[in-house]
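Since the structure comes first, as structure tokens, the remarks are kept for the end.
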Amino acid sequence: MSRRSFWPAALVCLALAAVPAWAALGLSDRVLALEDRASVDPRGTIVELQRLRGEAVGAEQVQLLVLLGATLDFDGDPEGAQAVALALEGVDDPSAASAALMLRARLMLTRGTADRALKLARAAQAALPAAAPPWLRLHLAATLADAQSAAGRADEAIRHQLQTIELADQDGHARYRANTRRHLAWRYLTLGQLERARVLVAEAVALADPLRWPIVHAQALQLEGFVLLDMGQRDAAFTRLQMALSLSREAHSPVWEAQMLANLADYHLRSGEYQEAEAVAERALPMARAQKDPQMESVALANRGLARVMLGRVADGRRDLADALAIDERMGDVSSMAQTLLETGQYLERAGEHDAAWQAYVKLRPLSQQVDQAEQQKAILRLQEDFDQRQRERELRLLEQEAALNEAVLAKQRLRLSIGWLAAAAALLVLGLTVLLARRVRHANRALSDVNAELLALSERDPRTGRPKLRRATRHRPAQARQEPQ
């Protein structure tokens, strides 16, 4: 299986994302958006980053140059990437020195030696300022994990990889969360911890949106396929690997198509389909060489060599395996060397080449002592237990905060309900008082009318005689009588 590092996966292997209102985005957001498209269109990404380079200053310039250097290396231009690392050292920002060392460590991992990469990564960690941006902390932790893994220190690699998951969860970006989980799942897979690997890779598949990040989704599917294969679910594994290959082709990414093909050859090998394994590895090999990717070239050569051994062409197979081992030795990748020698011995032994298999095992012995998996497994379990405990404590704190928030919401709702009832009661009281006052006013009006009528009657008749007063008689006299001629 591929041993490609976190750098291209987390920093430049992300597929094209739709970014609305590009011009309205800040420079940092535009750099992040370019990070999404780098694996699909590295040349276009480099051109756009060079164009934005003049606008960037300080921390934004550091972020831009790190992505530019990584993309140049991804596109097969290590000299250009080294020039960017040199320019990064001259940026006026506290995190520039650490970022430059981290970039050199990544370049050393893909083009140099693991020991040198580890030294540079540790120097980057020592130079990291207290106020370093979260993205730099995340990528530096991933760099340390890859360098420790390449140097055969699986326990330290796991420790840093667990740190990347915590940082990615704090950041909240689904793309980073998917990548960090996928890489930790791969490390658990190589150590035989299948259940932990299965859980993590399932989370990665769910987090990686296939529409926004098809390559990230494809890589998660590919790893899930190998986890399922180790768990004995061969058909489901093949389905995942084919889906991953299709996504890589749809994204028009020859780099990741080569990786998917090289790993698909590994599937056919483990399934006993040696002719198919050789054919698939043959297709992956020139693509890996065209991309100047020594890690992927080593994987393709090893898989082709193992297939040829099992097909009876032992001499050809051993030449491929020797070439793959030479690449691993040149890079100082102890883990890859141990894996190549172990598989070489196993397949030669199956083919009846016991002397050659013994030679491979003899070469493997000192590496096995360096990569002491028994002790590392214990250390890894302790690290995982500590991580799980922190996660449980964090989840408990979140639950407590959620409970407190829910209680506050309920209290607010109860207060609103109480205020509502009080308002309703007040409204009913006002309404009752209004009705009562209206009734009193009507009653007072009727009484007033009665008194007025009595007063009118008293004013029109003499109370002693009962006769109408003269004024009434005059009032009722015909008009013409009042207008008689004199």
Side-chain angles (χ1 to χ4, degrees), residues 1-14 70 102 105-106 109-110 114 117-118 120-122 124-125 128 132 134-205 207-208 216 219-220 222-224 226-227 295 333-336 339 371-373 375-392 394:
M1 190 179 168
S2 169
R3 298 175 288 271
R4 177 175 285 274
S5 64
F6 178 86
W7 183 256
L11 199 58
V12 292
C13 77
L14 307 171
M102 181 188 70
R106 299 306 322 188
L109 270 174
T110 56
L118 183 56
L120 288 168
R122 285 172 172 168
Q125 186 181 37
L128 188 70
W135 68 265
L136 181 56
R137 292 184 180 278
L138 172 62
H139 291 301
L140 179 54
T143 303
L144 284 162
D146 287 337
Q148 295 282 13
S149 178
R153 299 178 176 89
D155 52 341
E156 287 297 310
I158 293 288
R159 183 170 67 84
H160 288 296
Q161 199 68 61
L162 289 168
Q163 185 183 2
T164 66
I165 289 183
E166 291 181 341
L167 291 168
D169 286 348
Q170 291 171 14
D171 179 83
H173 201 301
R175 177 186 60 196
Y176 289 147
R177 296 180 66 204
N179 268 324
T180 53
R181 280 161 171 76
R182 176 175 62 83
H183 279 271
L184 183 57
W186 174 74
R187 299 192 196 284
Y188 281 139
L189 177 62
T190 60
L191 294 169
Q193 298 187 23
L194 298 183
E195 184 57 28
R196 290 188 185 277
R198 184 194 65 79
V199 172
L200 282 167
V201 77
E203 292 178 5
V205 171
L207 286 166
V216 180
Q219 290 180 314
Q222 175 187 250
L223 181 58
E224 188 175 39
F226 280 103
V227 173
Q295 292 178 326
D333 194 332
V334 177
S335 297
S336 296
Q339 183 179 350
V371 186
D372 188 353
Q373 291 204 357
E375 290 300 318
Q376 289 183 353
Q377 286 275 11
K378 295 178 183 178
I380 288 166
L381 287 174
R382 288 194 298 270
L383 287 169
Q384 184 64 48
E385 288 172 0
D386 292 341
F387 177 76
D388 290 343
Q389 179 64 27
R390 290 196 301 273
Q391 287 290 89
R392 285 192 293 269
R394 180 171 174 269

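Note that the coordinates shown come from a computational prediction; the quantities given were computed from them, not determined experimentally.
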Notebook entry, point to check: Side-chain contact, heavy-atom cut-off 4.5 Å: Asp146 with Arg106?
Noted result: yes
Distance col, row Leu109:CG vs Thr143:OG1, nearest 0.5 angstrom, shows 7.5 Å
Applying side chain to side chain donor-acceptor pair (under 3.5 Å) to Arg177 and not counting sequence neighbours gives Asp169
Could you check whether any side-chain heavy atom of Arg137 comes within less than 4.5 Å of a side-chain heavy atom of Gln170, counting everything from C-beta outward?
no
Problem set entry | Test side chain to side chain contact (heavy atoms under 4.5 Å, CB included) applied to Arg187 and Arg196, step by step | CA-CA 10 Å; Arg187 299 192 196 284; Arg196 290 188 185 277; over 6 Å; no
| query | With a 4.5 Å heavy-atom cut-off, do Leu207 and Arg181 have their side chains touching? | reply | yes
Sequence neighbours excluded, the answer for side chain to side chain donor-acceptor pair (under 3.5 Å) partners of Glu224 is Arg240
When every non-hydrogen atom of Gln125 is compared with those of Leu140, the smallest separation belongs to CA-CD2, 3.6 Å
Between Ala121 and Ala105, the two heavy atoms sitting closest are N-CB, 3.7 Å
Tightest non-hydrogen contact, residues Ser149 and Trp186, listed as OG-CZ3, 4.4 Å
message: Measuring only between side-chain heavy atoms, which start at C-beta, is Leu138 closer than 4.5 Å to Thr180?
response: yes
Practice task
Would you indicate whether the side-chain heavy atoms of Leu200 and Ile165 approach each other to under 4.5 Å?
Solution key: yes
*Under 3.5 Å side-chain donor-acceptor pair for Ser336 and Gln339*: no
